[in-house]
Every structure is written in structure tokens, then in C-alpha cells.
Amino acid sequence: MKLNKKFLVILSIALLIIFYFSRLAPTIYLHNNTNNDLYIYTMQHTGSMEPTLEELQQLKRINVIRPNEQLSLPVSISYFEDSELFSKWKIGSQSGNGGSIMAYINDSKGVCALEVFIKENSIEVTDKKAIYCAQKVLISQKTIGDQVVE
């Protein structure tokens, strides 16, 4: 009986540590590698239909990233179907030049965490190690201004 209780306690502590150091939702980190503030607009929606009014309301929340700082994008795993995360930024002001990323959130393709390094005229995306996530993220499109980039 004592062995079972000890085993359960150790197993519980191990699971708490794993969940503490990992996230169930995938994460996208945006890094501002410019000399100006970045104004970030983000929306997550189910990719199979037009965005709902509630999803469009997400675009009204503007996040600002100061130079040499980062922001973790809010990715929700509450969507039951595959979803898309759209994030657009403006450099220096809300009407400045900018770019965007489009990412798929699903349970089969992609990685648990991505880092997006935003520069004045380029975007660099790298995988970030994560232990576990319930869903994954995959960048499907990047743009600078109106041009799609690889």
C-alpha cells in the first residue's frame, strides 16, 4: 500500500513538472529586431469559413512590441477544427510599412513553438524546442508589404 502511494506522489510531481515546463497550446514568439515599435494585429479563426464577428473583434486589440523585445502570440486550442492564425504588423506607426504571417494550427503538422524575427525588410522563422503540445503550428505564408516571401 505504501509503495502505491509513493508511486502516485512521484508520478504526480513528475507530471506537474512536465506541464509546468511545457505548453499544451503551440506558441509563436514575435521578436522586434527593428529600431521602431511594432504594432501587432492578430486573429485566430477556423479556416473553413469566413471569420465571425467575434473573431474579427480580435483585430481591434493592438499589441505593441518595443525594439529588441518579444511578444508571445495568443494561440487558442479551444478551436476543435483546424484553424488559422493571422498576424500583421506595422513598423513605427499604425500606418507604417509592415508585413504578416499566416499559420495553420492543427494536431498533425508543424512544431510546438516558433520564433519569428522581424527586421525592417525581412522575416526569419526558426523552430523553438518544446517538450509537448496538444496542437502544432506551421507557417504557411509570410509577407513584407504586399509581397509574399520565402
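- Under the 4.5 Å side-chain criterion, counting only non-hydrogen atoms from C-beta, Thr126 is not in contact with Val116.
- One finds the CG atom of Asn97 at 7.0 Å from the CD1 atom of Ile91 (value rounded to the nearest 0.5 Å).
- Val64 pairs by the side chain to side chain contact (heavy atoms under 4.5 Å, CB included) definition with Asp37, Tyr39, Arg66, not counting sequence neighbours.
- Residues Gln94 and Ile62 meet the side-chain proximity criterion, which asks for heavy atoms closer than 4.5 Å.
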Go through the steps for Lys136 and Asp107 under the test side-chain contact (heavy atoms from CB on, under 4.5 Å), then give the verdict. CA-CA 6 Å; Lys136 297 180 180 183; Asp107 58 357; over 6 Å; no
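- For Arg61, there are no salt bridge (charged side-chain N to carboxylate O under 4.0 Å, His left out) partners, not counting sequence neighbours.
- In this structure the side chain of Leu73 never reaches within 4.5 angstrom of the side chain of Thr27, judged on heavy atoms.
- In this structure, the side chains of Val111 and Pro26 stay at 4.5 Å or more apart for every pair of heavy atoms.
- Around the NZ atom of Lys88, the shell of radius 6.0 Å holds no more than 12 heavy atoms that belong to other residues, nucleotides or ligands.
- The closest side-chain heavy-atom distance from Lys60 to Tyr41 is not below 4.5 Å.
- For Asn121, the side chain to side chain contact (heavy atoms under 4.5 Å, CB included) test picks out no residue, with sequence neighbours left out.
- Grouped with Ile10 in a hydrophobic cluster is no other residue, since no side-chain heavy-atom contact under 4.5 Å to another Ile, Leu, Val, Met, Phe, Trp or Tyr is found.
- Inter-residue side-chain proximity for Leu30 and Ile40 is flagged as met; some heavy-atom pair is nearer than 4.5 Å.
- Placement of Ile144 and Leu114 within a single hydrophobic cluster is found when ILVMFWY residues are connected by side-chain heavy-atom separations under 4.5 Å, directly or transitively.
- Counting only heavy atoms from C-beta outward, the side chains of Pro67 and Asn36 never approach each other to under 4.5 Å.
- Judged by a 6.0 Å distance limit and a 45° cone about the ring axis, Lys128 is positioned over the six-membered ring of Tyr29.
- Placement of Leu85 and Tyr104 in two distinct hydrophobic clusters is found when ILVMFWY residues are connected by side-chain heavy-atom separations under 4.5 Å, directly or transitively.
- A search for side chain to side chain contact (heavy atoms under 4.5 Å, CB included) contacts involving Lys142 returns Ile101, Ile123, Val125, Ile139, Val149, not counting sequence neighbours.
- Between Glu84 and Gln44 the shortest side-chain heavy-atom distance does not fall below 4.5 Å.
- With sequence neighbours excluded, the residues forming a side-chain hydrogen bond (donor to acceptor under 3.5 Å, both in side chains) with Glu115 are His31, listed by chain and number.
- Grouped by direct or indirect side-chain proximity (heavy atoms under 4.5 Å, Ile/Leu/Val/Met/Phe/Trp/Tyr only), Met102 sits with Phe86.
- With sequence neighbours excluded, no residue forms a side-chain hydrogen bond (donor to acceptor under 3.5 Å, both in side chains) with Asn106.
- When only modelled atom types and interatomic distance are considered, Asn32 and Thr34 share a side-chain donor-acceptor pair under 3.5 Å.
- In terms of the salt bridge (charged side-chain N to carboxylate O under 4.0 Å, His left out) criterion, residue partners of Glu124 (sequence neighbours excluded) are, by chain and number, Lys119.
- By the side chain to side chain contact (heavy atoms under 4.5 Å, CB included) test, Leu11 pairs with Phe7, Leu15, sequence neighbours left out.
- Applying the ring-ring contact (aromatic ring centres under 6.0 Å, His included) definition to pairs two or more places apart or across chains, none involves residues 52-75.
- Here Thr143 pairs with Ser100 under the side-chain hydrogen bond (donor to acceptor under 3.5 Å, both in side chains) rule; sequence neighbours left out.
- From Asn63, atom CG reaches atom OG of Ser72 across 10.0 Å, with rounding to the nearest 0.5 Å.
- Leu38 is connected to Leu71 through a chain of hydrophobic side-chain contacts under 4.5 Å among Ile, Leu, Val, Met, Phe, Trp and Tyr, so both are in one cluster.
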